[in-house]
Amino acid sequence: MSLEKRDDLVPLRALANPLRIRIVSLLTGTSMSATEVADELGIAHASASYHLRQLAKAGFLRQTDERPTAGRGRPQRRYQYDVSSGDRIDRSEGRQLLHQAMSADLGRRLAETDRQRVSTDAEVWLARPVWEEVVGLISQAVALVHDNAGPPRDGVKVSMTALLLELRDER
């Protein structure tokens with residue numbers, strides 16, 4: 001891989017924090033300012049601002065048009081999830097940290113569950129064509145969720161976690 005391509009990679013370890021996973025998830029459907037993120041997540045403005053800057057620096061978020069504030073002061077910076085970051089993730093390091101952060105956030109989501117719709121856990125053997133079909137269907141579902149995500153309080157608040165793992169055959 002050329003150095004130019006390597007510099008374009010998004011460091012996966014930047015998501016190794018449950019709060020950052022929540023922020024990226026929140027900004028999938030709309031652009032938001034640090035103030036709006038802080039209000040929605042119940043965190044300090046300074047914390048929201050710091051994490052937004054770090055996620056933007058890592059390449060997960062892009063800055064959108066600034067919105068003027070009411071009265072004096074600087075316009076609010078707004079950020080939104082950069083969907084192209086998924087294609088540029090550097091998977092060489094940080095995967096374990098990301099999975100730990102996802103697991104921690106899944107615990108929070110389970111505690112907030114109002115209604116469980118679908119759940120499964122399987123460690124099975126599948127024919128390669130069936131496995132590829134499953135991967136394709138889940139990828140379509142993920143795209144459908146991300147493409148149709150809206151701003152907070154606009155629709156049903158949902159959680160989707162998909163982790164498809166191809167395991168080593170230790171025989």
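Atom set for the values below is all heavy atoms of this structure, side chains included, hydrogens, waters and symmetry mates excluded. Nothing here was measured: the structure is a model prediction, and the numbers come from that model.
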Asks: Distance check, rounded to the nearest 0.5 Å: S139 atom OG versus E132 atom CD?
Replies: 9.5 Å
Asks: Mind checking the CG-CD spacing from L167 to E123? Nearest 0.5 Å is all I need.
Replies: 5.0 Å
Asks: Mark yes or no for whether R78, through its side chain, and S31, through its backbone, hold a donor-acceptor pair below 3.5 Å.
Replies: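 Yes; at least one donor-acceptor contact below 3.5 Å.
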Asks: Is it the case that atom CG in D114 sees more than 12 heavy atoms from other parts of the structure closer than 6.0 Å?
Replies: no
Asks: Any link between M160 and L27 through a network of hydrophobic side chains (Ile, Leu, Val, Met, Phe, Trp, Tyr) touching at under 4.5 Å?
Replies: no
Asks: Measure the spacing between CZ of R22 and CZ of R108 and express it to the nearest 0.5 Å.
Replies: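 Those atoms lie 3.5 Å apart.
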Asks: Which value, rounded to the nearest 0.5 Å, describes the distance between R20 atom CZ and L52 atom CG?
Replies: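 Going from the CZ atom of R20 to the CG atom of L52 covers 10.0 Å.
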Asks: Side-chain heavy atoms nearer than 4.5 Å, only ILVMFWY residues, links allowed to pass through others: does that put V145 and L26 together?
Replies: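 No, separate clusters.
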Asks: Any chance you could measure T28, atom OG1, to L61, atom CG, to the nearest 0.5 Å?
Replies: 9.0 Å
Asks: For atom CD of E133, decide whether the heavy atoms of other residues, nucleotides or ligands shown that lie under 6.0 angstrom number more than 12.
Replies: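 Atom CD in E133 is not crowded, with 12 or fewer foreign heavy atoms closer than 6.0 Å.
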Asks: Mind listing the closest non-hydrogen atom pair of Q80 and G29 along with its distance?
Replies: NE2-C, 4.1 Å
Asks: So do T30 and D154 actually touch side chain to side chain, heavy atoms under 4.5 Å?
Replies: no
Asks: Are the side chains of L19 and S47 in touch, meaning some heavy atoms are under 4.5 Å apart?
Replies: yes
Asks: Does any non-hydrogen side-chain atom of H51 lie less than 4.5 Å from one of N17?
Replies: yes
Asks: Taking the side chain as everything from C-beta on, heavy atoms only, tell me whether E166 gets closer than 4.5 Å to W131.
Replies: yes
Asks: Which pair of non-hydrogen atoms, one from A16 and one from A101, has the smallest distance, and what is that distance?
Replies: C-CB, 3.7 Å
Asks: According to a hydrophobic-cluster definition based on side-chain heavy atoms being under 4.5 Å apart (Ile, Leu, Val, Met, Phe, Trp, Tyr only), do V83 and L144 belong together?
Replies: no
Asks: Please answer: with hydrophobic residues joined when any side-chain heavy atoms are less than 4.5 Å apart, are I138 and V130 in the same cluster?
Replies: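 In one cluster: yes.
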Asks: Could you pull out the closest heavy-atom pair between Y81 and F60, with the gap in Å?
Replies: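 Looking at all heavy atoms of both residues, the closest pair is CD1-O, 3.4 Å.
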Asks: Between L106 and I21, is there shared hydrophobic-cluster membership here, with clusters defined by ILVMFWY side-chain heavy atoms closer than 4.5 Å?
Replies: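 No; I21 is not reachable from L106 via cluster members.
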Asks: Would you indicate whether the side-chain heavy atoms of P152 and M32 approach each other to under 4.5 Å?
Replies: yes
Asks: Quick check: does any side chain N or O of E40 sit under 3.5 Å from a backbone N or O of V37, one acting as donor and the other as acceptor?
Replies: no
Asks: Test side-chain contact (heavy atoms from CB on, under 4.5 Å) on Y79 and R53; report intermediate values, then the result.
Replies: CA-CA 9 Å; Y79 297 90; R53 286 192 314 272; 4.0 Å; yes
Asks: Side chains of T113 and R109: is there a donor and an acceptor less than 3.5 Å apart?
Replies: no
Asks: Which pair of non-hydrogen atoms, one from A34 and one from A48, has the smallest distance, and what is that distance?
Replies: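 Shortest heavy-atom separation between A34 and A48 comes out as O-CB, 3.5 Å.
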Asks: Run the numbers on L55 and L15 for side-chain contact (heavy atoms from CB on, under 4.5 Å), then give the verdict.
Replies: CA-CA 8 Å; L55 288 164; L15 279 182; 3.9 Å; yes
